[in-house]
Protein chains: 2
Amino acid sequence: MNEPKNIAIVGATGAVGVEMLQCLEQRNFPVKSLTLLASARSAGKRTVFRGEEIEIQELTHDSFDGIEIALFSAGGGISKEFAPSAAKAGAVVIDNSSAFRMDEDVPLVVPEINGAAALDAPRGIIANPNCSTIITLMALAPLHQAFGLKSVIASTYQAVSGSGAQGILELEGQMTALATGQPVETKVYQHQIAYNVIPEVDAFTDNGYTKEELKMLHEGRKILGLPELRVSCTCVRVPVLRSHSISVTAQFDQDVSVEAARAAYEGKPGVAVRDSPAERLYPVPLDTTGTDDCLVGRLRKNLVFNNALDLWVVGDQVRKGAALNAVQIAELL
Amino acid sequence: MNEPKNIAIVGATGAVGVEMLQCLEQRNFPVKSLTLLASARSAGKRTVFRGEEIEIQELTHDSFDGIEIALFSAGGGISKEFAPSAAKAGAVVIDNSSAFRMDEDVPLVVPEINGAAALDAPRGIIANPNCSTIITLMALAPLHQAFGLKSVIASTYQAVSGSGAQGILELEGQMTALATGQPVETKVYQHQIAYNVIPEVDAFTDNGYTKEELKMLHEGRKILGLPELRVSCTCVRVPVLRSHSISVTAQFDQDVSVEAARAAYEGKPGVAVRDSPAERLYPVPLDTTGTDDCLVGRLRKNLVFNNALDLWVVGDQVRKGAALNAVQIAELL
């Protein structure tokens with residue numbers, strides 16, 4: 001067991017921050033002290049960790065004295081501004097934002113896939129990947145190991161939790177408004193998300209792809225160590241509260257079969273196969289809420305490519321897609 | 001203008017049957033007489049067409065005397081049993097079920113794509129294609145004409161209207177139950193559909209694909225006249241009321257660009273481009289409810305294949321995906 005550490009959580013009142021607290025508690029993470037940091041607006045609020053009340057403090061550049069691990073989940077702007085201060089104070093920063101992910105001297109880590117990379121963090125910053133990317137790669141990494149991954153085509157079904165607590169409030173608020181005949185308010189998304197799906201996640205870039213869609217490409221290449229990997233992705237927000245689903249077509253260097261794919265998942269941590277067409281068994285987002293494993297189903301030979309599989313993977317966006325993965329990185333240190 | 005015809009609608013009380021009535025009315029279809037047929041349970045009910053009350057009659061093998069066009073939308077079993085009687089009585093049957101679609105002597109018609117095929121129906125039966133297939137092909141046909149379609153990879157986001165009126169009732173009922181703290185009832189789907197997505201539409205087949213997923217392959221080949229076309233599809237039910245969305249990767253024989261693709265849609269009936277990333281403009285299902293056109297957006301160069309595009313198409317499943325397409329076929333006769 002590692003020696004207990006002084007931990008800070010930046011963005012402790014957000015959806016991911018709250019889940020980080022739960023992950024630390026549930027996994028019996030060796031915590032010596034816990035400092036909860038948030039904006040001035042949330043400072044003074046109290047939360048409970050392992051039966052003890054902790055007061056939330058305002059985040060400043062001086063918040064990190066004596067902190068050994070700082071878990072950041074407060075948006076890219078906050079990370080860019082405060083992560084260097086935390087690192088300078090001697091903390092290892094595990095950052096959930098996209099601020100540093102593609103920096104060459106910042107490792108981008110999914111512990112089950114490239115955990116060793118976390119041990120070489122020259123700037124004292126380790127990046128937590130994009131949520132859809134983590135969940136998709138949890139399904140693809142065992143297959144890559146067995147068959148050599150060549151290309152990925154993915155369409156996502158992303159929960160509103162990806163927009164934080166305000167995304168969840170927006171969907172639930174719209175549902176209540178519709179059920180009670182009140183006007184529907186739209187703040188977080190470009191369109192009503194209740195009874196709708198929206199093919200826009202994060203900002204558009206010049207080539208017509210959104211940033212979210214390109215994360216699957218760029219972060220996937222970095223995490224798998226495959227600079228030539230081809231990835232094309234369509235990211236879609238759906239009216240689901242907190243688990244992401246991804247429909248994936250993956251092409252491999254070597255021949256694949258459904259049986260060989262199932263075998264490739266055997267004994268792999270963090271991912272489980274839930275796939276039996278005869279029993280109408282496959283993963284759905286409602287069933288994976290609050291679970292650690294990513295679940296893979298609908299495994300079948302793709303009908304366009306040779307050496308390719310179609311599959312469906314579901315994972316809790318707040319948990320493995322964010323908070324759990326960050327805490328797992330902390331466990332590596 | 002064609003001579004007015006004696007029309008029958010079989011399944012007149014279903015979601016698609018009701019929409020067929022509206023399409024006939026809105027498009028000023030030349031109707032001499034209208035016979036509305038349904039199960040004994042619905043017989044005796046009354047509905048209004050062009051200001052006149054019509055009583056719904058029980059469907060029997062003798063229902064088709066003098067009928068010239070019979071629009072069927074009451075499920076495959078009813079079509080198999082009663083469509084031959086209607087054809088024998090001299091009617092041309094336009095069947096919305098999957099019962100006859102793949103029969104060699106039954107044309108499978110999307111009027112904008114292969115309308116001429118409707119004129120050669122030796123058995124007196126014309127099949128209306130699967131809804132997701134119609135909407136996807138409305139997006140692909142103009143591109144096929146311009147660049148030669150080679151393969152399709154699709155993931156669908158299908159509305160509950162695809163399961164008929166009972167699918168809509170199930171989603172709305174679950175939403176009301178959740179908003180009022182009542183227990184959620186699940187009858188139509190294997191899982192709760194509210195706040196969920198379900199990667200199962202129609203029955204599973206031996207290769208792990210569902211029938212719905214294989215319709216896109218087999219019906220697509222038949223309608224486009226491309227027996228070698230490769231199609232791999234994942235069909236997913238989403239908590240949307242009545243428009244289907246499809247995320248499509250299409251590979252072509254010839255080089256393509258986004259600009260050339262936009263140009264290919266110019267002047268094409270039944271399909272419109274709604275695509276401007278700079279204005280965050282793209283189609284969503286809520287906006288297309290009750291519209292006739294299929295809307296295409298998110299056009300971009302695919303990042304895996306050469307000569308390939310990614311796109312997003314949305315269409316009203318009840319309308320162009322079913323009732324409208326059937327009435328358009330009737331207009332060809």
Side-chain angles (χ1 to χ4, degrees), chain A residues 151-155 157 171 175-176 178-180 190-192 194-200 204-210 214 217 230-234 236 238-241 245 247-249 251 258 275 277-278 280 282-287 297-305 308 310-312, chain B residues 151-155 157 171 175-176 178-180 190-192 194-200 204-210 214 217 230-234 236 238-241 245 247-249 251 258 275 277-278 280 282-287 297-305 308 310-312:
Chain A
S151 73
V152 178
I153 292 174
S155 293
Y157 301 69
L171 174 56
M175 281 302 182
T176 304
L178 288 165
T180 56
Q190 177 79 342
H191 300 270
Q192 176 183 318
Y195 292 124
N196 208 5
V197 300
I198 305 176
E200 179 190 10
F204 282 101
T205 70
D206 288 345
N207 64 0
Y209 284 84
T210 61
L214 297 177
L217 166 66
R230 290 187 164 209
V231 179
S232 206
C233 182
T234 302
V236 181
V238 298
V240 164
L241 289 171
S245 309
S247 167
V248 182
T249 294
Q251 193 182 19
V258 171
D275 186 28
R280 302 174 66 185
Y282 43 77
V284 295
L286 263 190
D287 287 356
R298 301 296 327 274
L299 276 163
R300 56 215 198 277
K301 289 276 275 187
N302 176 272
L303 303 174
V304 168
F305 299 114
D310 283 357
L311 62 86
W312 171 257
Chain B
S151 73
V152 179
I153 292 173
S155 293
Y157 301 68
L171 174 56
M175 280 303 183
T176 305
L178 288 165
T180 57
Q190 178 79 343
H191 300 270
Q192 176 184 318
Y195 291 124
N196 208 5
V197 301
I198 306 176
E200 179 191 11
F204 282 101
T205 70
D206 287 344
N207 64 1
Y209 285 85
T210 61
L214 297 177
L217 166 66
R230 290 186 164 210
V231 180
S232 206
C233 183
T234 301
V236 181
V238 298
V240 164
L241 289 170
S245 310
S247 167
V248 182
T249 294
Q251 193 181 19
V258 170
D275 187 28
R280 302 175 66 185
Y282 43 77
V284 295
L286 263 191
D287 287 356
R298 302 294 328 273
L299 276 164
R300 56 215 197 277
K301 290 276 276 185
N302 176 272
L303 303 176
V304 169
F305 298 116
D310 283 357
L311 62 86
W312 172 257

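The chains referred to below are lettered A, B, ... by the order of the sequence lines, with proteins before strands, and numbering in each begins at 1.
With a 4.5 Å cut-off on non-hydrogen atoms, Asp310(A) touches chain B through its side chain but not through its backbone. Only the backbone of Val231(A) comes within contact range of chain B, with at least one heavy atom under 4.5 Å from a heavy atom of that chain. Asn196(B) touches chain A through backbone and side chain together, each having a heavy atom under 4.5 Å away. Only the backbone of Val152(B) comes within less than 4.5 Å of a heavy atom in chain A; its side chain stays farther off.
Taking all atoms of both residues into account, the shortest heavy-atom contact from Val284(A) to Pro199(B) is CG1-CD, 3.9 Å. Pairing each heavy atom of Val304(B) with each of Ser232(A), the nearest pair is CG2-N, 3.6 Å. Closest heavy-atom contact between Leu286(B) and Ala194(A): CD1-O, 4.0 Å. The two residues Ser247(B) and Ser155(A) come nearest to each other via the heavy atoms OG-OG, 2.7 Å.
Comparing Asp206(B), Leu241(B), Thr180(B) by how many heavy-atom pairs each has under 4.5 Å with chain A, the most go to Leu241(B). Ranked by heavy-atom pairs shorter than 4.5 Å toward chain A, the options Thr205(B), Leu171(B), Asp275(B) are led by Leu171(B). Of the listed residues (Lys301(B), Arg230(B), Arg300(B)), the greatest number of heavy-atom pairs within a distance under 4.5 Å of chain A belongs to Arg300(B). When each of Ala278(A), Pro283(A), Pro277(A), Ser245(A) is checked for heavy-atom pairs under 4.5 Å with chain B, Pro277(A) comes out on top. Of the listed residues (Val236(A), Val238(A), Asn207(A)), the one with the most heavy-atom contacts under 4.5 Å to chain B is Val236(A). Between chain B and the options Thr176(A), Leu299(A), Val240(A), heavy-atom pairs under 4.5 Å are most frequent for Val240(A). Ranked by heavy-atom pairs under 4.5 Å with chain A, the first of Ala179(B), Gly297(B), Gly208(B), Ala308(B) is Gly208(B).
For the pair His191(B) and Asp287(A), the minimum side-chain heavy-atom distance is below 4.5 Å. Leu178(A) places none of its side-chain heavy atoms less than 4.5 Å from the side chain of Met175(B). Side-chain atoms of Thr249(B) and Thr234(A), non-hydrogen and from C-beta on, never get closer than 4.5 Å to each other.
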side-chain contact (heavy atoms from CB on, under 4.5 Å) evaluation trace for Leu214(B) with Leu303(A): CA-CA 10 Å; Leu214(B) 297 177; Leu303(A) 303 174; 3.9 Å; yes

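Judged as a side-chain contact (heavy atoms from CB on, under 4.5 Å), and not counting sequence neighbours, the contacts of Thr210(A) are Phe204(A), Glu212(A), Glu213(A), Arg298(B). Remark: Tyr157(A) pairs with Trp312(A), Tyr157(B) by the ring pair (Phe, Tyr, Trp, His ring centres under 6.0 Å) rule, at least two apart or across chains.
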